[in-house]
2 protein chains.
Amino acid sequence: MPPRSTGLLGALDSTSDRAVFRQIADQLREAIDKGRFAEGDKLPSETELIDHYGASRMTVRNAISLLQGEGLVVSEHGKGVFVRPRPPVRRLASDRFARRHREQGKSAFTVEAEAVGSRPEVDDLVVREERPSQDIATRLGGARKVLARRRRYLLDGRPVEFAVSYLPLNLARNTPIAEPNPGPGGIYARLEELGHRLDHFEEEIRARMPSPEEAKTLRLASGVPVIHLIRTAYDTEGRPVEVCDTLMAADAYVLAYQLPAT
Amino acid sequence: MPPRSTGLLGALDSTSDRAVFRQIADQLREAIDKGRFAEGDKLPSETELIDHYGASRMTVRNAISLLQGEGLVVSEHGKGVFVRPRPPVRRLASDRFARRHREQGKSAFTVEAEAVGSRPEVDDLVVREERPSQDIATRLGGARKVLARRRRYLLDGRPVEFAVSYLPLNLARNTPIAEPNPGPGGIYARLEELGHRLDHFEEEIRARMPSPEEAKTLRLASGVPVIHLIRTAYDTEGRPVEVCDTLMAADAYVLAYQLPAT
DNA sequence: TAGTGGTCTAGACCACCTA
DNA sequence: AGGTGGTCTAGACCACTAA
């Protein structure tokens, strides 16, 4: 008879005081780490694991749930549990806001995606006037009303980033910035045309687990954190002219920065 | 009779097709978000939730496990389930490697911790020669052997960061860099004294869930991701002189960077 | 239709903490 | 000793997917 997929797994150590579901998770994790199950492979079904280990269904499910929390596997109802495929990663370079990149026609996201052969999309574009949260208001130097631009970025149909840009209303109202499509080079190009020459950006980075709502927006598998990035753009007079609040699927990004030694 | 802690919770919607354990989790989450349970507060016990909702124990535990995965609560055996306290956050500023900060006596970590009234500790200091991984070797320009400095940083007894520095062996051997305590200003100060004037650093940032081993080293609650930071230091001749591979408890850090607009 | 994971019940025994 | 969460069993019915 052909080897079943549980042939790749060992036996439990009944003398160990490590919980059975942890031992099962350990064995599956090791098999994944060593490549005996590759990315996208199906793990043995719950029934097979129950037979192999002689454990109850809840114990087996507990083990799998542990691996889900670690981001190692994803389950698909009616199909099985699979080793989580690693999506292509988008690298944000430290010079990504250099002026020369704005002087092309397309947006940075589009250019970059096409360079690596991915299909870029932007949806959920909502532009409207709002009263900012306390935090955003402070970052914008005390703005009372702001223009908020919300959008979601997708690569090959997969959402990877959700971003909201806030600009002081007195600066953005009745300009191309308030249009759904602000034109070539994006809002930073428009800001400069309006006389707000950009000097530098400050970024703050945090990582955490998503709320259920955020997980839904980014279609995140369980066990995938988000990177929360808040960027403030300053003009040459030191005034903040934009705050961008961004939530990124952590498994889709690497952020790169350069730091001076002086 | 006095209000029990479940008095803060509503009833289930039996007409909803949302799973019972999700509804229970939703109610607890909302109560936490709205501050009806504050940081560090104890949630109703499993028994109380079972009585309140008329659900079975597994259903209630399933709900709590959902909240654990979101990083909202932590359970303590024999005590209860608590709203996860937010630890003080360590902010890494964009000028943290400026030369002027090295010219003091103490390490950056120590100075910074004492400034915010925390007690800094460094343990697990292991310094030894190693053969680098392919990735580290590449980053160091093809080094065959390296000096590896491992250490764990703690604030008020809580581990927050685990870091390994790699330096080309031919550069670090028989220097203070190979000592457990490299002296005031740390290894960057020593590198400069040895004639390797530092020019800039490059950092790469990722976020993900920790492996069980990493979670143990950093004593992470479930639902807390890690920030994985890889820094390469370059001297004025453009040569990489150090790679530092760092794992940080994501709930203990905010990283700040400055980006040029030009 | 058969196999998969998703939800739920009703119990049991254990380990840990506080008192 | 009593309350808390941790582990485990043995079932049940359901929803989704594929052949």
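A, B, ... follow the sequence lines: proteins, then strands. Residue 1 opens every chain. All values reported here derive from a predicted model rather than from experimental measurement.
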S.K.: Heavy atoms only, 4.0 Å cut-off, all strands: where does B/Arg18 land among base, sugar-phosphate and nothing?
M.R.: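 Nothing, no nucleic acid heavy atom in range.
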S.K.: Roughly, in whole Å, what's the span from CZ in B/Arg61 to P in D/dT9?
M.R.: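 It is 15 Å, rounded to the nearest whole Å.
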S.K.: For the base of D/dA15 and the side-chain ring of A/His77, does the geometry meet a stacking cutoff of under 5.5 Å between centres and under 30° between planes?
M.R.: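 A/His77 vs D/dA15: stacking yes.
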S.K.: Will you find, in the side chains of B/Glu203 and B/Tyr257, an N or O donor that is under 3.5 Å from an N or O acceptor?
M.R.: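 On atom types as modelled, these side chains qualify, holding a pair under 3.5 Å.
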S.K.: Output the rounded distance in Å from CG (B/Leu66) to P (C/dG6).
M.R.: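 Distance check: B/Leu66 CG to C/dG6 P gives 13 Å.
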S.K.: If you take atom types as modelled and just measure distance, does the side chain of A/Arg57 reach the base of C/dT7 with a donor-acceptor pair under 3.5 Å?
M.R.: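 Yes.
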S.K.: Would one find a side-chain N or O of B/Thr47 under 4.0 angstrom from OP1 or OP2 of D/dT4?
M.R.: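 It does, given that an N or O in the side chain of B/Thr47 lies less than 4.0 Å from OP1 or OP2 of D/dT4.
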S.K.: Mind calculating the distance between OH (B/Tyr53) and P (C/dT9) to the nearest angstrom?
M.R.: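 In whole Å, C/dT9 P lies 14 Å from B/Tyr53 OH.
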S.K.: Please check the phosphate of D/dA10 (OP1 and OP2 only) for any side-chain N or O of A/Ser56 closer than 4.0 Å.
M.R.: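 For A/Ser56, the contact criterion (side-chain N or O under 4.0 Å from OP1 or OP2 of D/dA10) is not met.
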S.K.: Once you round it to whole Å, what is the distance between P of D/dA18 and NZ of A/Lys42?
M.R.: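 About 12 Å, once rounded to whole Å.
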S.K.: Less than 3.5 Å apart, any donor N or O on the side chain of A/Thr138 or A/Gln134 sitting next to an acceptor on the other?
M.R.: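 Indeed, the side chains of A/Thr138 and A/Gln134 share at least one donor-acceptor pair under 3.5 Å.
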S.K.: Are the side chain of A/Gln23 and the backbone of A/Asp13 linked by a donor-acceptor contact shorter than 3.5 Å?
M.R.: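 Confirmed, A/Gln23 side chain pairs with A/Asp13 backbone.
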S.K.: Does the side chain of A/Ser45 get closer than 4.0 angstrom to OP1 or OP2 of C/dG3 through an N or O atom?
M.R.: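 No.
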S.K.: Can you tell me if A/Arg151 and A/Ser165 form a side-chain donor-acceptor pair at under 3.5 Å?
M.R.: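 On atom types as modelled, these side chains qualify, holding a pair under 3.5 Å.
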S.K.: Could you check how far CE of A/Met58 sits from C1' of C/dG5, rounded to whole Å?
M.R.: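 Taking atom C1' of C/dG5 as the reference, CE of A/Met58 is at 12 Å.
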S.K.: Ignoring backbone atoms, establish whether A/Thr59 has a side-chain N or O less than 4.0 Å from OP1 or OP2 of D/dT7.
M.R.: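 Checking A/Thr59 against D/dT7: no side-chain N or O falls below 4.0 Å of OP1 or OP2.
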S.K.: Would you mind reading off the distance between B/Arg22 atom CZ and D/dA15 atom C1', rounded to a whole angstrom?
M.R.: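 Nearest whole value for this atom pair: 13 Å.
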S.K.: Contact list please: residues 217-225 of chain B against DNA chain C, heavy atoms, distance less than 4.0 Å, in numerical order.
M.R.: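 Heavy-atom contacts with DNA chain C come from no residue of residues 217-225 of chain B; none.
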